[in-house]
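Beneath this line is the structure, given in structure tokens, with notes to follow.
All values reported here derive from a predicted model rather than from experimental measurement.
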Amino acid sequence: MLDVARRAGVSRATASLVIRDAAGPSEASRVKVRAAADELGYRPDVAAQLLRSRSSRLLGVMFRAADPFHADLVEHIYAAAEAAGYDVVLSAVVSGRDERRAVDALVASRCEAIILLGGIEVDEVGGGLPAVGIGRRAAGSAFDGVYTDDGAGTRSAVEHLVALGHRRIVHLDGGAASGAAERRAGYQAAMRGHGLAPTVIAGGFAESDGAECVRRLLAAGELPTAIVAGNDQAAVGVVVELRRAGVDVPGQVSVVGFDDSRAARLAHLDLTTVRQDAAELARGAVRLAVARLGEGLRGAGDGQDGSRTVELAPHLVVRGTTGPVA
């Protein structure tokens, strides 16, 4: 800054005001300072500016690096945060780096609020910061939350398959993952509603879980006519393993995923799936976080624990992996 001021022939205070686009300096001084900054390649020290400011205007986002749907959410969070006048700091959960460490890193980065993606195991955020979860919360946590009606989503998948004539429909369970219990319950309720026996296969939300599910079904000689996977990643594993085994999709087995991630929309996969509105989930989370900040964290909330929740409706997207029963 001092170098810029000297080059422009103004005081350091004047140069600082121009760089910060603050009132005071004349237009002539502004022109000289900006020209000097360009000549010297000067860039403001954002970290130093934040340290001097009471407000960082930063929203922290904890996400799981292995989850493709989180990439969609992060993209929309950036847009929603920018529209609200905030920037975003990311902190990933990866192998060897759990949620607690990811959240602590965001707190240390002076984020004003934290947005947590996926299954949320932390029960509180340090520093008294407001937190919003996208997805189901851990029992006992009092975070605000935005999530999709997961049970309605799997019910719509079963309804679609039944309408196509399917009766032997199995569900690949997501285990302890976020939303898995609600998706399992929705599937079971829909099957029983049609007088059909639910069949739940223990698994998870990874592509390998979908592949393992198919191998187990083939080994048992009990291949169903349709599989409702817990999410798109697992559904990809199901489709790939079925095709590897020479089973036609959807000619012999129909497959439905959950999320409508980017993978589901790939032309070679063309996956029928239950769509979660990533853009609206992101906007809802940012709105809740900014609202808490505007209240000085004193909002009483709407829930019994003081939290606020927003539930969004899912939407079934029919593509090429489902068809009439053979």
Listed once per pair and sorted, the ring pair (Phe, Tyr, Trp, His ring centres under 6.0 Å) pairs that draw on residues 175-207, sequence neighbours left out: His171-Tyr187

Can you tell whether the side chains of [X] and [Y] come within less than 4.0 Å, N to carboxylate O?
X      : Y      : value
Glu75  : Arg262 : yes
Asp87  : Arg57  : no
Asp173 : Arg184 : yes
Arg100 : Asp104 : yes
Arg64  : Glu99  : yes

Value rounded to 0.5 Å, distance of [atom1] in [X] from [atom2] in [Y]:
X      : Y      : atom1 : atom2 : answer
Leu106 : Glu112 : CG    : CD    : 13.0 Å
Arg155 : Asp150 : CZ    : CG    : 10.0 Å
Leu223 : Leu242 : CG    : CG    : 6.0 Å
Met1   : Thr14  : CE    : OG1   : 11.0 Å
Ile77  : Leu281 : CD1   : CG    : 9.0 Å
Ile134 : Gln276 : CD1   : CD    : 9.5 Å

Audit row: Thr225, Arg167, side-chain contact (heavy atoms from CB on, under 4.5 Å) steps and yes/no: CA-CA 7 Å; Thr225 64; Arg167 296 296 180 268; over 6 Å; no

For [Y], does its backbone N or O pair with a side-chain atom of [X] as donor and acceptor, under 3.5 Å?
X      : Y      : result
Asp72  : Ser261 : no
Arg283 : Ala79  : no
Arg275 : Pro314 : no
Ser109 : Ala105 : yes
Asp270 : Ala267 : no
Glu212 : Ser208 : no

Is it true that, when you exclude [X] itself, more than 12 heavy atoms of the residues, nucleotides or ligands shown sit nearer than 6.0 Å to its [atom1]?
X      : atom1 : result
Glu222 : CD    : no
His76  : NE2   : yes
Glu82  : CD    : no

Nearest heavy-atom approach of Phe258 to Thr154 is CE1-N, 3.9 Å

Nearest atoms (heavy-atom pairs only) where Leu269 meets Ala264: CD2-CA, 4.3 Å

Exercise answer: donor-acceptor pairs, residues 316-325 side-chain atoms, under 3.5 Å, sequence neighbours excluded:
unit_1	atom_1	unit_2	atom_2	d
Arg319	NH1	Asp260	OD1	3.0
Arg319	NH1	Leu271	O	2.9
Arg319	NH2	Asp260	OD1	3.0
Thr321	OG1	Val255	O	2.7
Thr321	OG1	Thr272	N	2.9
Thr322	OG1	His160	NE2	3.0
Thr322	OG1	Thr272	OG1	3.0

For the hydrophobic clusters of this structure (ILVMFWY residues joined by side-chain heavy atoms under 4.5 Å, transitively), does one cluster hold both Ile169 and Val238? no

Does any donor atom in the side chain of Arg265 or Thr273 lie under 3.5 Å from an acceptor atom in the other side chain? no

Determine whether Ile115 and Met62 satisfy the following criterion, side-chain contact (heavy atoms from CB on, under 4.5 Å), listing intermediate values before the conclusion. CA-CA 6 Å; Ile115 296 175; Met62 184 203 78; over 6 Å; no

Going through the distances and angles, do Arg287 and Val146 end up as a side-chain contact (heavy atoms from CB on, under 4.5 Å)? CA-CA 10 Å; Arg287 279 196 298 267; Val146 184; over 6 Å; no

I would like to know whether Leu172 and Val228 meet side-chain contact (heavy atoms from CB on, under 4.5 Å); could you show each step before the answer? CA-CA 6 Å; Leu172 173 56; Val228 177; over 6 Å; no

Holding to side chain to side chain contact (heavy atoms under 4.5 Å, CB included), I want the full list of residues that pass it with Val240, two or more places apart in sequence or in another chain. Val236, Arg244

